[in-house]
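Each chain gets a letter, A, B and so on, in the order its sequence line appears, and its residues count up from 1.
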There are 2 protein chains.
Amino acid sequence: MLSMKAKYALKALGYLARKPDTRFGIERIAEAENIPYKFLEAILTELRKSNVIDSKRGAAGGVKLARAPKDISIGDVIRLMDGPIALLPCASITRYRACDDCPDEAACRLRQVMIDARLAIADVLDERTLADLASRSPLPSERRLTDDDLG
Amino acid sequence: MLSMKAKYALKALGYLARKPDTRFGIERIAEAENIPYKFLEAILTELRKSNVIDSKRGAAGGVKLARAPKDISIGDVIRLMDGPIALLPCASITRYRACDDCPDEAACRLRQVMIDARLAIADVLDERTLADLASRSPLPSERRLTDDDLG
DNA sequence: CATAATTCCTACTTATCCTATAGGAATAAA
DNA sequence: TTTATTCCTATAGGATAAGTAGGAATTATG
Ligand code: FES
Ligand code: FES
């Protein structure tokens with residue numbers, strides 16, 4: 001399960017993705033997406049430090065995406081908030097760590113299963129981006145490339 | 001990430017799956033798989049209560065699988081130990097729960113992505129079983145059906 | 001310049017979960 | 001009766017989750 005932090009981050013970024021060039025105040029986002037204000041503030045600070053959003057202080061300040069929605073993958077947001085997507089450290093590609101308890105990693109069958117699982121889920125999460133979260137209903141113009149390729 | 005509990009459970013069950021009809025002492029499993037003894041004991045108690053293993057007390061006691069290895073999926077073990085596999089409660093099939101903060105679930109784009117992710121990962125974890133964890137190296141006789149189908 | 005709006009920073013809290021560990025009771029085999 | 005083993009209850013320290021509070025710094029605007 002994702003943490004609330006990751007979920008709120010995705011919802012807030014999805015909100016921003018609907019008007020990528022407009023700056024929105026945190027309070028407005030919090031209200032629109034039902035996110036506790038102070039909590040969202042902390043989350044957005046983290047996203048700013050990771051260069052996902054760009055913020056501006058003072059009156060008429062606010063936040064907006066630092067890049068185009070389609071260039072921010074859902075997988076990356078989750079990794080920033082919750083850490084690796086893989087189910088075991090030894091199955092993570094972006095943040096691999098050996099398992100203390102497995103003497104022979106190459107022979108570990110559990111690892112193989114978990115690598116397969118991690119590939120399957122990362123396939124989905126790294127292909128989808130904030131652009132996919134932006135619209136309310138799936139419009140033809142918003143379909144992903146792979147769909148267009150078939151036509 | 002899986003908890004240590006889930007990981008240990010899978011390793012211990014994988015150990016038992018190598019000789020499904022033999023009873024093994026907990027201490028022996030703990031040593032073989034580098035799992036803290038008392039922790040493993042607690043884990044196995046839970047697995048017994050869920051009818052995954054069958055145990056026997058006293059001298060020459062021990063534990064063994066309650067069913068054939070191929071009838072215990074990895075996904076089920078993870079669900080027992082760590083809860084739902086889905087990344088959001090609203091995307092879980094086995095343990096669905098509505099999201100408090102989303103006013104309109106049907107219009108929620110995040111949910112759609114997470115349902116796709118959950119399908120992708122459950123596809124892997126529910127198809128693989130303890131039988132896949134049983135052997136040290138992938139022998140031809142142990143290949144999964146999908147592989148054989150190609151031949 | 002004064003004011004209002006807004007993000008930024010530091011610190012704190014409260015509850016829950018994770019990862020175990022300890023000690024002994026119950027059971028069964030030899 | 002002894003020994004080996006699981007079963008049960010209780011505990012515990014540390015980390016993480018999910019916020020909350022208060023004020024400092026910055027900026028637009030009149
Ligand atoms: S190497 Fe990670 S589970 Fe075996
Ligand atoms: S309904 Fe669950 S995230 Fe929107």
Pick the nucleotide of DNA chain C nearest each of B/Asp82 and B/Ala60; which residue has the one closer to the 5' end? B/Asp82

If you pin A/Phe39 and B/Glu27 to their nearest nucleotides in DNA chain D, which one's is more 5'? B/Glu27

Starting at CZ of A/Arg28 and ending at C1' of C/dA5, how long is that distance when rounded to a whole Å? 15 Å

A/Tyr8 near the nucleic acid: base, sugar-phosphate alone, or nothing, with a heavy-atom cut-off under 4.0 Å? sugar-phosphate

A/Arg97, CZ: over 12 other non-hydrogen atoms inside 6.0 angstrom: no

Between D/dA18, C/dT19, C/dT7, which one does the side chain of A/Ser55 approach most closely? C/dT7

Between A/Asp101 (CG) and C/dT19 (C1'), how many Å, whole number? 13 Å

Among C/dT19, D/dC7, D/dA28, the nucleotide that comes nearest once only the side chain of A/Ala59 is considered: D/dA28

So with a 6.0 Å cut-off around CZ of A/Arg28, is the heavy-atom count from everything else above 12? no

What is the separation between atom CD1 on B/Ile43 and atom P on C/dT19, rounded to the nearest whole Å? 9 Å

Are any of the side-chain nitrogens in A/Lys38 or A/Glu41 under 4.0 Å away from the carboxylate oxygens of its partner? yes

Which of B/Ile43, B/Ile53, B/Leu133 passes side-chain contact (heavy atoms from CB on, under 4.5 Å) with B/Leu13? Answer is B/Ile53

Rounded to whole Å, please give me the gap between CD in A/Glu41 and P in D/dG19. 15 Å

Comparing nearest nucleotides in DNA chain D, the 5'-proximal residue of the pair A/Ala42, A/Gly61 is A/Ala42

With a 4.0 Å cut-off on heavy atoms, is A/Leu44 in touch with a base, just the backbone sugar-phosphate, or nothing at all? nothing

Which whole-number value in Å describes the distance from A/Met1 CE to C/dC17 P? 13 Å

What is the distance from CE of B/Met4 to P of C/dC18, rounded to the nearest Å? 12 Å

Closest to the A/Thr45 side chain: C/dT27, D/dT20, C/dC9? C/dC9

A/Arg23 and A/Asp54, any side-chain heavy atoms less than 4.5 Å apart: yes

Rounded to whole Å, please give me the gap between CD1 in B/Ile26 and P in D/dC7. 6 Å

Where the side chain of B/Lys38 is defined as all heavy atoms beyond and including C-beta, which of C/dA28, C/dT21, D/dT6 is the nearest nucleotide? C/dT21

Has A/Lys56 got a side-chain N or O lying under 4.0 Å from the OP1 or OP2 atom of C/dA5? no

Indicate whether OP1 or OP2 belonging to D/dT6 is found under 4.0 Å from a side-chain N or O atom of B/Tyr37. yes

Of the options C/dT21, D/dT6, C/dC8, whose atoms approach the side-chain atoms of B/Pro36 most closely? C/dT21

What's the CZ-C1' distance between A/Arg48 and D/dT26, to the nearest Å? 13 Å

